[in-house]
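The structure appears below as structure tokens.
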Protein chains: 2
Amino acid sequence: MSRRAGLDKPSVVAAAAALVNRDGVAALSLKRLAEELGVQTPSLYNHVAGLPGLERELALLGVQRLGDALTAAVIGKSGAAAVTALLDAYRAFVTANPGLATYTVRPAALDAPDDAERIQAEARIVQVAVAVVASFGLAGDDAIHAVRALRSVAHGFATLEAAGGFGIPLDLDESFRRLTAMVNAGLGQQAKIQMGSGD
Amino acid sequence: MSRRAGLDKPSVVAAAAALVNRDGVAALSLKRLAEELGVQTPSLYNHVAGLPGLERELALLGVQRLGDALTAAVIGKSGAAAVTALLDAYRAFVTANPGLATYTVRPAALDAPDDAERIQAEARIVQVAVAVVASFGLAGDDAIHAVRALRSVAHGFATLEAAGGFGIPLDLDESFRRLTAMVNAGLGQQAKIQMGSGD
DNA sequence: CTATTATACTAATATAATTAGTTTTGTTCC
DNA sequence: GGAACAAAACTAATTATATTAGTATAATAG
């Protein structure tokens with residue numbers, strides 16, 4: 001039994017992510033995390049800058065992983081297929097990482113305007129979404145409005161689902177399919193209007 | 001300067017609600033709340049059952065106020081006008097009460113299945129939403145799917161907006177108008193399908 | 001006016017975050 | 001292989017908060 005636990009920043013952050021995904025963000029404490037890692041609480045300060053620093057790392061990890069998932073989901077797709085894949089991937093990410101997903105909501109720009117790494121990771125997600133709506137024929141302000149709609153729908157449904165907010169025993173997949181269809185129809189309508197205005 | 005601060009449960013909960021709306025739910029502590037009320041921390045235990053009890057009261061207050069707002073918004077309306085009013089009222093509530101709204105997400109049934117007061121307040125909101133989609137011509141499972149869509153859209157947009165999640169300087173009201181129009185179009189489509197299946 | 005209750009208090013305990021300073025382990029360089 | 005260095009863990013101590021127990025005082029009912 002060596003005195004070295006063999007920790008480093010990634011392993012500490014990964015353990016914290018597992019903790020918040022399992023027991024919720026309210027359950028995160030350095031004490032508890034240290035116990036799970038078989039180490040004394042102050043030892044964690046060798047790897048993360050206290051609780052605020054750990055939360056920053058969780059936010060970065062969450063945004064990066066979400067960006068990876070969304071990017072992978074839409075590769076080679078366009079139009080309605082891309083929108084459907086994007087929404088499904090967002091929902092799947094939140095379902096699989098309910099704790100981590102919580103940290104992806106508040107933009108870095110508000111609390112840490114100098115955190116280029118986080119801001120860049122967030123920008124990548126917006127870029128993916130913009131590309132998806134572009135493949136639908138939307139550009140400019142229309143594209144931004146459309147991205148906001150996509151994000152609202154995906155975030156709203158997935159967050160409520162993860163929080164256990166849909167109590168009635170009726171197929172959630174079907175609810176999400178219908179919501180996705182509604183979004184695709186709405187974006188198609190928008191795209192038609194936009195093309196018409198180009199004359 | 002009397003020794004009595006004149007507190008009671010409603011005033012303590014109201015002060016806590018103001019605190020979380022102003023500074024966020026993470027800023028809520030009995031210490032801080034007691035300071036704002038000009039009292040020592042343990043005195044709060046005469047009015048609420050510690051921090052967990054206070055959070056329960058905030059959840060109840062939030063769900064009741066949200067129910068009031070939604071009910072008032074849709075009185076005398078039906079169809080698309082009712083849906084629009086419902087979504088607008090939800091968004092306005094979250095904007096005006098970002099902290100309190102946080103406590104309305106997780107259903108009481110999960111943590112406190114015996115808390116009849118909270119569960120009833122939550123049921124009232126569902127009833128209002130069901131009535132709105134019924135006025136649109138939706139019933140049964142279709143109504144439940146529609147209510148989930150409404151809630152996802154409203155919750156998603158309003159939560160992201162309140163969290164400052166929409167960074168790009170483009171009119172948020174216009175984004176919400178388009179999202180609302182999309183929902184109304186989608187529900188209208190659903191209603192048409194449902195009527196057709198009745199033959 | 002007295003008895004009762006409610007409200008606020010002080011004192012004490014427990015848990016968690018954080019800082020400071022120390023020890024031990026692993027690595028690098030000669 | 002041994003010395004020097006850096007990294008990672010530790011112990012000890014401080015601070016902040018929640019909570020409980022027990023006490024005193026103000027408001028109120030009879």
Side-chain angles (χ1 to χ4, degrees), chain A residues 1-62 99-100 102-103 106 111-112 115, chain B residues 1-62 99-100 102-103 106 111-112 115:
Chain A
M1 189 180 293
S2 102
R3 283 197 68 151
R4 287 283 169 110
L7 296 183
D8 55 9
K9 180 144 85 178
S11 62
V12 169
V13 175
L19 200 167
V20 296
N21 285 335
R22 184 177 3 102
D23 299 329
V25 296
L28 179 65
S29 76
L30 293 183
K31 178 98 167 20
R32 176 123 181 245
L33 180 59
E35 278 168 7
E36 294 198 358
L37 290 168
V39 102
Q40 296 296 320
T41 307
S43 304
L44 297 177
Y45 284 75
N46 288 316
H47 306 291
V48 294
L51 199 49
L54 178 58
E55 284 164 350
R56 182 265 173 192
E57 298 300 331
L58 288 171
L60 176 63
L61 181 67
L100 207 51
T102 304
Y103 295 94
R106 190 168 173 85
D111 302 310
D115 192 336
Chain B
M1 188 182 292
S2 99
R3 282 196 70 151
R4 287 285 169 108
L7 297 183
D8 54 8
K9 181 143 87 177
S11 63
V12 170
V13 175
L19 200 168
V20 297
N21 285 336
R22 183 177 4 102
D23 299 329
V25 295
L28 179 65
S29 76
L30 293 184
K31 178 101 164 25
R32 178 122 180 247
L33 181 58
E35 278 168 8
E36 295 197 359
L37 290 168
V39 101
Q40 295 298 319
T41 307
S43 304
L44 298 176
Y45 285 76
N46 288 314
H47 306 290
V48 294
L51 198 51
L54 178 59
E55 284 164 351
R56 183 266 173 190
E57 298 300 331
L58 288 170
L60 176 63
L61 181 67
L100 207 51
T102 305
Y103 295 95
R106 189 168 173 85
D111 301 311
D115 193 336

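So you know, we letter chains A, B, ... as the sequences are listed, proteins then strands, and number each from 1.
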Task: For B/L44, the option from B/L51, B/L37, B/L54 that meets side chain to side chain contact (heavy atoms under 4.5 Å, CB included) - done: B/L37
To the nearest Å, give me how far apart [atom1] ([X]) and [atom2] ([N]) are.
| X | N | atom1 | atom2 | answer |
| --- | --- | --- | --- | --- |
| A/L33 | D/dA9 | CG | P | 12 Å |
| B/Q40 | D/dA24 | CD | C1' | 15 Å |
| A/D8 | C/dT25 | CG | C1' | 16 Å |

Exercise: identify the closest heavy-atom pair between [X] and [Y]:
| X | Y | value |
| --- | --- | --- |
| B/A27 | B/L19 | O-CD2, 3.7 Å |
| B/K31 | B/T41 | CA-OG1, 3.6 Å |
| B/A5 | B/V39 | CB-CG2, 4.1 Å |
| A/A17 | A/L100 | CB-CD1, 4.1 Å |

Open item on the list: Does anything in residues 9-20 of chain A come within less than 4.0 Å of DNA chain D? Heavy atoms only, and list the residues if so.
Closed with: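 Nothing qualifies; none.
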Write out a two-atom table: protein N or O, nucleotide N or O from nucleotides 15-19 of chain C, distance below 3.5 Å.
{"unit_1": "C/dA16", "atom_1": "OP2", "unit_2": "A/K31", "atom_2": "NZ", "d": "3.4"}
{"unit_1": "C/dA17", "atom_1": "OP1", "unit_2": "A/L30", "atom_2": "N", "d": "3.0"}
{"unit_1": "C/dA17", "atom_1": "OP2", "unit_2": "A/L30", "atom_2": "N", "d": "3.0"}
{"unit_1": "C/dA17", "atom_1": "OP2", "unit_2": "A/K31", "atom_2": "N", "d": "2.8"}
{"unit_1": "C/dT18", "atom_1": "OP2", "unit_2": "A/Y45", "atom_2": "OH", "d": "2.8"}
{"unit_1": "C/dT18", "atom_1": "OP2", "unit_2": "A/L51", "atom_2": "N", "d": "2.9"}
{"unit_1": "C/dT18", "atom_1": "O5'", "unit_2": "A/Y45", "atom_2": "OH", "d": "2.9"}

Open item on the list: Looking at B/H47, I'd like to know whether one of its side-chain N or O atoms comes within less than 4.0 Å of OP1 or OP2 on C/dA6.
Closed with: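 So the side chain of B/H47 is outside the cut-off, no N or O lying under 4.0 Å from OP1 or OP2 of C/dA6.
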Task: Salt-bridge criterion met for A/R22 and A/E36 (N-O under 4.0 Å) - done: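 Looking at A/E36 together with A/R22, the answer is yes, because their closest N to O distance falls below 4.0 Å.
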- [ ] Determine which pairs satisfy salt bridge (charged side-chain N to carboxylate O under 4.0 Å, His left out) with at least one residue from residues 7-21 of chain A, sequence neighbours left out, and list them in order.
- [x] A/K9-A/E57
- [ ] Test for a donor-acceptor pair under 3.5 Å between the base of D/dA27 and the side chain of B/R4, counting only N and O atoms.
- [x] no
Open item on the list: Between D/dA9 and A/N46, counting only base atoms on the nucleotide and side-chain atoms on the residue, is there a donor-acceptor pair under 3.5 Å?
Closed with: yes
Open item on the list: With rounding to the nearest 0.5 angstrom, report the CG to OH distance, B/L61 to B/Y103.
Closed with: 11.5 Å
